Amino acid sequence: MPELPEVETVRRSLASRISRRTIEDVELRLPKIAFALPGTLFADALRGRQIRELGRRGKYLLIHLDGDETLVIHLRMTGRLVHLRKEERETPEPPHTHAVFRLDDGSLLRYADVRQFGTLTLMATAEALVQPGKGRLGPEPLADDLSFALFHGALVKRKTKLKPLLLDQSFLAGLGNIYADEALARAALHPDRPADSLDEAESRRLYDSIRTVLQEGIDAKGTSFRDYVDGEGRKGEFQEKLWAYGREGALCRRCGGAIVREKRSGRSTHFCPNCQK
DNA sequence: ATGACAACCTGTAAGC
DNA sequence: TGCTTACAGGTTGTCA
């Protein structure tokens, strides 16, 4: 489900609702999804803690707490994090609700995940900012300090094909299957092109396309294909503006050719064979 | 470094 | 209708 634009949308939609609130209690119904420091219980570690502010790193949502710890949330495919104000708290609970946070203003933060892949991890803030997941994360695609020179330098060192490279979170943090396909479509680059085969103009197109498509995704409040909703339970709108993903058989918005869907590194890959070279 | 694939889960849609 | 298979916004581990 959630790639960078979706996680950023969740972050923004939750920020004003839960910042500076204190967690009064946590009901953890599926313990295997949650991790605290070794030897501690997740709910115990969170009870009474105040939420400072919300951050994001790649696809990880960071809930910074007092005491220099951060609750790191990864929604994986079907995770949802929805806040309900005090007057909304009787809203029927969605199925597969695995954790409920009760906040000091009477509101609730519900975490639901059909496939149980997502994780809630309490870790030291310093660590969460650098390395929220297991492997090292690459740069933030939208950060000012990711210059074209830096991107291009890293790109041409790689022999991998573009599609798997864009999905590699250690190369760039935050692209997933939808936005990888979209970035390639907008850059008019074929998913199978070896990264080191791009000339500078092509590399520039890719760099620009990645940033444009992610920013437009955020502006549209994410892509809701199936499950995704933001922190207030609202769907995004970017699915209406896609060029490639989910458009098999439809006409390419650039050249009018037919979009195809083919497997690449185990993922459905959508592209226009006519103009993506 | 790269690639291929299974595993973790449940739900839905398509195919027969 | 009912059964089977493929597939889904992700990541990780294993084995070439």
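Chain letters run A, B, ... following the sequence lines, proteins first, then strands; residues in each count from 1. Remember, it's a predicted structure, so these values are computed and weren't measured experimentally.
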| Same-atom distance (P) from B:dC9 to C:dT4, integer angstrom | 22 Å
| note | Annotated structure of DNA chain C as dot-bracket, pair cut-off 3.5 Å, Watson-Crick or G-U only, | for inter-strand, is .|||||||.|||||||
| field | Shortest side-chain distance from A:Phe117, nucleotide among B:dC8, C:dA8, B:dG11 | value |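 Given the options B:dC8, C:dA8, B:dG11, the side chain of A:Phe117 is closest to B:dC8.
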| Nearest to the side chain of A:Gln169, which nucleotide is it out of C:dG10, C:dT11, C:dA8? | C:dT11
Can you find a side chain N or O atom of [X] that sits less than 4.0 Å from OP1 or OP2 on [N]?
X	N	answer
A:Thr78	C:dA8	no
A:His74	C:dT11	yes
A:Gln116	B:dT10	yes
A:Lys134	C:dG10	no
A:His96	B:dC9	no

Heavy atoms only, 4.0 Å cut-off, all strands: where does [X] land among base, sugar-phosphate and nothing?
X	result
A:Ser265	nothing
A:Gly266	nothing
A:Arg261	sugar-phosphate

| remark: Which of A:Leu166, A:Leu4, A:Leu167, A:Asp168 passes side-chain contact (heavy atoms from CB on, under 4.5 Å) with A:Leu175? Answer is A:Leu166
| field | Position toward the 5' end of DNA chain C (nearest nucleotide), A:Gly133 or A:Arg115 | value | A:Arg115
| said: Less than 4.5 Å apart, side chain to side chain, heavy atoms only: is that true for A:Ser107 and A:Leu84? | reply: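 Heavy-atom side-chain distance check fails, nothing below 4.5 Å.
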| task | Starting at atom CZ of A:Arg226, determine the distance to atom C1' of C:dC7, rounded to an integer number of angstrom. | result |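 Rounded to the whole Å, the gap is 8 Å.
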| Around atom NZ of A:Lys221, are there more than 12 heavy atoms of other residues, nucleotides or ligands at under 6.0 Å? |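 Not more than 12 within 6.0 Å, no.
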| For DNA chain B, the residues among residues 157-168 of chain A that have a non-hydrogen atom under 4.0 Å from it | A:Arg158, A:Lys159, A:Thr160
| task | Considering only NZ, NE, NH1 and NH2 on the basic side and carboxylate oxygens on the acidic side, decide whether A:Arg264 and A:Asp192 come within less than 4.0 Å. | result | yes
| request: Indicate yes or no: does A:Arg267 engage A:Asp181 in a salt bridge with an N to O separation below 4.0 Å. | output: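 No, this pair does not count.
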| request: Check the angle between the aromatic planes of A:Phe148 and A:His152 and answer parallel, tilted or perpendicular using the 30° and 60° thresholds. | output: parallel
| message | Under a 3.5 Å threshold, yes or no: a donor from one side chain and an acceptor from the other, between A:Arg17 and A:His83? | response | yes
| Can a donor-acceptor pair be found between the side chains of A:Asp113 and A:Tyr111 at a distance below 3.5 Å? | yes
| task | Determine, for A:Tyr228 and A:Arg80, whether the Lys NZ or Arg CZ falls below 6.0 Å from the six-membered ring centre while staying within 45 degrees of the axis. | result | no
